[in-house]
Amino acid sequence: MKELLLKLGDHGEPSTFNKGILLLNSFPFDTSGDYKDVIFKIKLVISAASPVTRDGIIWTNIPTDPSVMFNREKFYKNPIDNSFYKDINLTLSINKPGVYAYFASYRSAETNKIITTRKYYFVVQPSLDINGEYLTLNSVSIQSVVSKWMGPLKDWDNIFQEISNKGYNMVHFTPLQHRGESNSPYSIFDQLSFDPNLFESTKQVENLVKKMHSEFKLLSMTDIVWNHTANNSDWLRDHPEAGYSKITAPHLTAAIELDKALLVFSTQLEKLGYTYNINTVDDLLNIMDGIKTNVLEQLKLWEFYTLNVEKTISQLKEFLVSHPCESIPIIQLTQSQIESLSELAKLATDFCTDGMGFGLSSRHGNELNVSKFASVVLSYIKEKPQVSEASFENVLSESDRLLNEINLPLYRIYDTDVSVILEQLFNRIKYLRIDDHGPKLGKISIESPLTEPYFTRFDDPKTGEEIALANNGWVWNGNPLIDFASDKSKAYLRREVIVWGDCVKLRYGSDPKDSPYLWDRMIKYTQLCAKVFDGFRIDNCHSTPIHVGERLIDAAREVNPNLYVVAELFSGSEDLDSLFVERLGISSLIREAMQAWSEDELSRLLRRHAGRPIGSLKWLPLDDFAYPASCEPEANKGEYERVSEIAIPKFLAYQEPHALFMDCTHDNETPFQKRTVEDTLPNAALVGLCSCAVGSVFGYDECYPKLLDVVKETRSYTFGDNGIGHVKKKIYALRNELAKSNLSLQAHEMHIHHEDQYITFHRTNAKTGNGVFLIARTKFADEGAEFSLKPITFHGSKITHEFAYTLKKVGDPKASDAYIPSIPVEVQELESPQFEYNPETNETTVTLPKYFPRGSIAVFRTQYLDFNEELDKYLQEGAIEASKDLNLYDLNALLYKCESEERDASAGRDGNYNIPKYGHLVYSGLQGWISAIKDAINENDLSHPFCKNVREGVWSLDYIVNRTLKYTDSPGIQRFHDWMASRINTVKGLPFFLRPKYFVLVLGIAYEACRFRSLSLLSPMFHEATLFVQDLGLTSIQMIGINRSASLNPFKPVPSMAAGLPHFSYDWARCWGRDIFISLRGLLLASGRYDDAKNHILAAGSTLKHGLIPNLIDSLRNPRYNARDATWFWLQSIQDYITVVPDGEKILDENVKRRFPLNDKYVSHDDPEAFSYESSIRELIYEVFARHAKGQDFREANAGPMLDRQMKDEGFNIKINVDWETGLIFGGSQLNCGTWMDKMGESEKAGSKGIPGTPRDGAAIEISGLLKSSLRFVNQLNKQGLFDYTEVEKEDGTKISFEKWEQLVGENFERVYYIPMDDADNHKFDVNPAIINRRGIYKDLYRSGKEYEDYQLRPNFAIAMVVAPELFTPKYAVGALRIADTTIRGPVGMRTLDPSDYNYRPYYINSEDSTDFLTSKGRNYHQGPEWVWCIGYFLRAYSYFYSQDSIVKAREHNNTKKIREQLYRDLMYKLEGNKKWVKSYAWRGLTELTNKDGELCQDSSPTQAWSSGCIIDLFYDFYDTDKNNL
């Protein structure tokens, strides 16, 4: 049993790359029993909370019980469960080969109606065997035979023996059924009986096939003919409804009349003065004049196309007599219909035929609805001032005019069709009678009419009336999805069908009810053949109506599930080919080498069908799938189960249909006709070595001179010594050896090189390194200049000569009436090429002998040196084991490190690797490589700059090994380094052209091991999470590592969090107080990194000064205290830590050494006063409240240009105080910016230097929310006995309790921040109606320096909603969130300003230095650009308030689960841009910000800690709720 994984897209469609079909490749399984065992399990992975999960069902026609007969139309339910952070898995079990389908249904969020997707198909290939020995499809070699040329049945054993001796393992028979009067195998007289001249019974045919298996080791395949029957089939006389006649297909009436008129004209040529012998074009042109005069003019075919004006006028008169004009409804006409008669005619045609238009069913058969026509005419007259009144005469006159206008385009269509008829007749007659490449049929007679009859004619045995049934054929460049005998085609009338006069086209209709006898008969015929033979070749497959093919192939598989099905498709479209393959379950598509018109085209066909290119990149899960990380993966069970050490099944991707590549089919002209007979050998060798099924027609190997006519040829086969059969046996022996050595269809690789007359072909087993190399010198024509092939150099390969031959024509075929002659040829063995081995370069040079004429081949065995089937296993195993000692900081070094971090770690020596013509990797670690090469792997792009670089040298391999050396002071990295170094050193020893493949393999396996280990070390939430959540979780590892220049300790490197990469990754710019504590819950607590969280909390606590946590931490060396909000995010983090971490309250007792003295004196970090006393976290918390309660008024230490060269001097003055009427904290000024929106103006040119873009002084809403949260927190701690402090002293010396302070904030918050929707409520709130821009929202600020800034809509209110939801009236909150959702939510982040605001500027370009005060030097950083971290808080608030509101309603209707699931989908929909962002960009994180509507901002930090952390918070909310069953 093989397990495969298929990801589904958001709407249930397969989410996979490439084009083609979902092909489940053949492998050995038991086909002898009742198919009770599962052969394939398809694991469907459905993204959590995707649209398809809304009342979603996966419907599949795979029977749940293997004993139940497959019914294509019977679909079984697989309901889709739902989750927010875990993907949904469904498993489909398949027991039999064939074709299966699934579709999805789900409820639309927009219409609330059920949506059903189209069907998607799986093609499960059969498992062939000969006498119990498995035959991979790439080993299939087929010989086509025409039974009527095989002689009497007693001689067939000799032919089978000959076929077997040549190395074939399957015989393709043209139909063995009873043939019709033409004696063509494809014109079947009786589908239900075999040829009575050969077989007495069906049992005899069955025994023949069994004998082929047992004695000759040959499988059998038959042509199956569904589209036509012999023109003289007896059963057709009794059931003419099975064909297309004027009764069953009235639209063919005109074509039937034309065909008969042409036949009559053909018999009257002499009487009419025309010649019976057409020898020249002039003769033909004379005949064409006769067709115009005596056929087309007499037929008056226009009567089928047009309206009969007189008849319609007469009908109108009758109608008007009984219907007064005033009673006839008037319709509304457009101005163009009033002014243009042609426009009115279009309306009348559509309106008066109910949109059906006109057809060709009978003469004068086109009619209008007279009552509607009267309405059109009267409406027209009413609008035309020049028509005086709607009198009887006026109506008839205008009607006559309009009817003639309606007929005008119909006459044009008729004229066009007549031109086509004449052109087709001219070309066809010319081909049949005149052209040198045509049959030159000679004299015209009753037996050989002027042109082939399109219809078979006979008298109905019941009525005696003549019946004309359409003959079958084919239409050049026709649409295979349109039945060319249906009313959607005029091919029969226009004489576009290349007709087979001995075959009547069968009419199945839309279902069995339309032609019950035909359906029943053809099902019996199909099942008869399926019981007897091992395979079908569907004849004329492209003309088989899809629904017919589906039902009949299903009937065949009912009796033989393991049927091998091949087909020839002339659709002209790969998409249409795939459609037929997936709907019918075609195992192999026939491709033809003899269609190649040049060596170059033959090379192209070989590249397509010979196998994957040598050195193809192996697909791995990498970062495309969520990893199961809750336990160590078991050892790999084999390549079908997994492709790497990660416990993810092999991925089911689209593939091109499997090919059956024929060197020559029974429909192809022979090499002697199209090229030269000498080309028979190189053409056969090139096709024979392809990694696909191959085949040939009997007579090709024997060098028959011409394509044999299956209708007229009556002679028998000759075979024996003449030809290339013994060489083909050797070629097939080599291909079978290669195929058996590796049963995987994808494991066979090739390289094709074309140089003038030479084509070289190297096929290898990618697992063992064994291969075959062929040099073929073609001979497409006798003429041609001599050309010598340069010596061929093999790198890192051992070469041994197998054989070399040339084919020479030594005579001309001898005429015979009884036997089909061969062209006398001689296969001459050639001298072995010369070999020269250079041990220094490990290269072998092969030089062809001087005599190697056109029509020659040379074949060698090859073996890569230092390569065996254990190589793959060695390179792919051990990484998971080697990763066991890695910690999260090791993984940061192995996976990530941007340029500045890598240089920091190497004292500036090493940066990220630069791939020529690609550029620098974004990370030095493995993620950088995977991001660069993943698309190349998926597309197998061996021309990618990475592959070129690796082929040219080992620099990149050395880089990987050498860079990890500097981290090997970690035992975990040392162990992993040793694993990587051993594998990479092995890869370095391989031939250069294999290096990219195996280097990619090692990189991929190493990356997967590190990714797995990372996820396994994170909290359980990430172990089974969605890919998106796992990607976000990995940013925790991305952002936290050990740097030399940045730390949480000024005296030694310890792990620290980067605010973002690469802009905020090292030195003073790495650690920011605000960023760390906004990110901490998501990146550290949700991920289970409790020690890291504590270390960051403690380190920041150490720096507390002025009651503030610094904005810039700078390794505790030079912290900067210009942030009013960082302190409150720090307190929120402590609260989160205690909530999340087991025994988290113990952090309150942790002591930290204070960076500065208690008097706030500035000292350097190495001053004796620094770190000279300790405080507990509990004490620091109180200090924050105490210092704020008294107010702060200080000037930044070291103020001036050295600290901030943009800020004005006044901006360094910091003032913070509490307004004790509201309890809110106020601070800042118009010259500094103390919240996260901290962009300072920098442009002297624009006059903005020192003027903040967003000063946000006053009481910022998020600080007020954080204050309330912190007060609630300390009050709760106090009640739990964990916080002894109960009050603080105010600036005036009075005291206030924490409870009273919290109460003050709670009572005043909404009053001062909410802007009511209804101005009648203004008196309830502190608002200035003159300033209000938008109602129903929360102010961003309260009492700022510019009053209008208070009223701006920004995303900060959502922070307050999350941390202190109790401050908000749910009704108001929901309304504000709804406004924000439609106004400021972008595809990836939140717009930082209402687009209706005058200051809205959504494009951040930091390099702009213009005179624009608002945007120069990026002053609009927070004035419209869309910040990603804000969407996390917004969605958390949205989730909280919408769910609170919805749960009340849900409980009323008892559907809480549905409401919750809808919230999942709603949130996931809003995160769609973030999911795409992580997947699309090399940094594998979420960007800092985007420009308008999610557009990439080049100045944004491409991966930012808080962007990921805040969205992880959202998922953690749901995870935590589920974990605690809340």
Side-chain angles (χ1 to χ4, degrees), residues 1063-1064 1069 1072 1074 1111-1112 1120-1125 1194-1196 1198-1216 1226-1258 1260 1328 1330-1331 1333 1339-1356 1384 1391-1427 1488-1492 1495 1497-1501:
H1063 303 341
F1064 310 106
W1072 297 66
R1074 175 190 299 125
N1111 184 19
L1112 276 171
R1120 185 179 180 193
Y1121 296 85
N1122 63 335
R1124 306 196 316 272
D1125 57 354
F1194 65 91
R1195 183 173 175 80
E1196 286 192 69
N1198 303 314
M1202 294 299 291
L1203 181 63
D1204 189 332
R1205 65 177 180 271
Q1206 309 301 339
M1207 188 174 279
K1208 291 182 181 294
D1209 186 69
E1210 301 97 307
F1212 293 107
N1213 300 327
I1214 308 296
K1215 187 169 184 177
I1216 302 172
F1226 288 74
S1229 74
Q1230 286 287 302
L1231 292 177
N1232 57 34
C1233 32
T1235 73
W1236 76 273
M1237 292 182 163
D1238 56 358
K1239 181 65 176 179
M1240 180 60 72
E1242 301 177 16
S1243 175
E1244 293 181 355
K1245 185 183 293 186
S1248 64
K1249 187 176 176 71
I1251 310 296
T1254 43
R1256 298 192 75 229
D1257 54 325
N1328 179 356
I1331 304 294
N1333 175 49
K1339 299 176 191 173
D1340 186 57
L1341 304 166
Y1342 180 53
R1343 295 205 318 240
S1344 68
K1346 293 194 286 285
E1347 189 179 9
Y1348 76 85
E1349 291 182 345
D1350 289 12
Y1351 292 82
Q1352 291 177 320
L1353 173 60
R1354 297 184 187 271
N1356 300 303
I1384 61 172
R1391 298 179 183 98
T1392 40
L1393 184 60
D1394 187 336
S1396 70
D1397 196 288
Y1398 171 78
N1399 292 288
Y1400 176 70
R1401 298 293 187 278
Y1403 293 95
Y1404 172 60
I1405 306 170
N1406 196 47
S1407 58
E1408 176 198 333
D1409 191 9
S1410 68
T1411 58
D1412 189 325
F1413 183 80
L1414 296 179
T1415 62
S1416 184
K1417 290 286 188 177
R1419 186 173 175 273
N1420 60 316
Y1421 201 26
H1422 306 97
Q1423 296 280 60
E1426 296 161 19
W1427 282 69
E1488 177 188 19
L1489 62 107
T1490 73
N1491 284 334
K1492 185 179 180 183
E1495 184 181 323
C1497 174
Q1498 298 293 344
D1499 289 324
S1500 169
S1501 185

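Note that the coordinates shown come from a computational prediction; the quantities given were computed from them, not determined experimentally.
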K.L.:
Would R1256 and E1349 pass as an ion pair if we require N to O under 4.0 Å?
P.N.:
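No.
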K.L.:
If you measure only the distance, is there a donor-acceptor pair under 3.5 Å linking the side chains of E1347 and N1328?
P.N.:
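The criterion, which ignores hydrogens and geometry beyond distance, is satisfied for N1328 and E1347.
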K.L.:
Look at D1412 together with K1417 and state whether they make a salt bridge at an N to O cut-off of under 4.0 Å.
P.N.:
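Looking at K1417 together with D1412, the answer is no, because their closest N to O distance does not fall below 4.0 Å.
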K.L.:
Salt bridge or not for D1204 and R1120, using N-O below 4.0 Å?
P.N.:
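The answer is yes: the pair qualifies as a salt bridge.
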K.L.:
Taking the side chain as every heavy atom from C-beta outward, state whether Y1348 and N1399 have any atom pair closer than 4.5 Å.
P.N.:
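A side-chain contact under 4.5 Å exists here.
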K.L.:
Report yes or no: is the cationic atom of R1401 (NZ for Lys, CZ for Arg) under 6.0 Å from the centre of the six-membered ring of Y1404, at an angle within 45° of the ring normal?
P.N.:
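No, R1401 does not sit over the ring of Y1404.
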K.L.:
Go through it in stages, so that I can follow the logic: the residues are R1343 and D1350, the test is salt bridge (Lys or Arg N to Asp or Glu O under 4.0 Å), and I'd like the CA-CA distance, side-chain angles, deciding distance and then a yes or no.
P.N.:
CA-CA 7 Å; R1343 295 205 318 240; D1350 289 12; over 6 Å; no
K.L.:
Could you please spell out the steps behind the side chain to side chain contact (heavy atoms under 4.5 Å, CB included) verdict for Q1423 and L1414?
P.N.:
CA-CA 9 Å; Q1423 296 280 60; L1414 296 179; 5.6 Å; no
K.L.:
Is it the case that the side chains of T1415 and E1408 hold a donor-acceptor pair, with the cut-off being a distance below 3.5 Å and no angle test?
P.N.:
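Yes - a donor-acceptor pair under 3.5 Å links their side chains.
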K.L.:
Is R1391 close to Y1400 at the side-chain level, that is, under 4.5 Å between some pair of heavy atoms?
P.N.:
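Yes, side chains in contact.
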K.L.:
Side chain to side chain contact (heavy atoms under 4.5 Å, CB included) between M1207 and L1231: does it pass, once the steps are laid out?
P.N.:
CA-CA 8 Å; M1207 188 174 279; L1231 292 177; over 6 Å; no
K.L.:
Would you name the heavy atoms of H1063 and A1069 that are closest together and state the gap between them?
P.N.:
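Minimum heavy-atom separation between H1063 and A1069: O-CB, 4.2 Å.
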K.L.:
What I want to check is whether the side chains of N1333 and S1396 have a donor and an acceptor closer together than 3.5 Å.
P.N.:
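A donor-acceptor contact under 3.5 Å links the two side chains.
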K.L.:
Can you find a side-chain donor-acceptor pair between K1339 and N1356 that sits under 3.5 Å?
P.N.:
no
K.L.:
Does any donor atom in the side chain of D1409 or S1243 lie under 3.5 Å from an acceptor atom in the other side chain?
P.N.:
yes
K.L.:
Hey, is K1249 close enough to E1242 for a salt bridge, meaning N to O under 4.0 Å?
P.N.:
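The answer is no: the pair does not qualify as a salt bridge.
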K.L.:
For the pair W1427 and H1422, name the ring-plane relationship: parallel under 30°, tilted 30 to 60°, perpendicular over 60°.
P.N.:
parallel
K.L.:
Distance alone, cut at 3.5 Å: any donor-acceptor contact between the side chains of S1344 and D1257?
P.N.:
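No, D1257 and S1344 have no side-chain donor paired with an acceptor closer than 3.5 Å.
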K.L.:
Just wondering, do F1194 and K1215 contact through their side chains at under 4.5 Å, heavy atoms?
P.N.:
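No. Closest side-chain heavy atoms not under 4.5 Å.
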K.L.:
Search all heavy atoms of P1425 against all heavy atoms of T1392 and return the closest pair with its distance.
P.N.:
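Looks like O-OG1, 2.7 Å.
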K.L.:
List the atom of A1123, the atom of R1074, and the distance in Å for their closest heavy-atom pair.
P.N.:
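That would be CB-NH2, 3.4 Å.
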K.L.:
Verify whether one side chain among D1340 and Q1352 offers a donor that lies under 3.5 Å from an acceptor in the other.
P.N.:
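D1340 vs Q1352: no donor-acceptor pair found between side chains.
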K.L.:
Is R1354 salt-bridged to D1394, cutoff N-O under 4.0 Å?
P.N.:
no
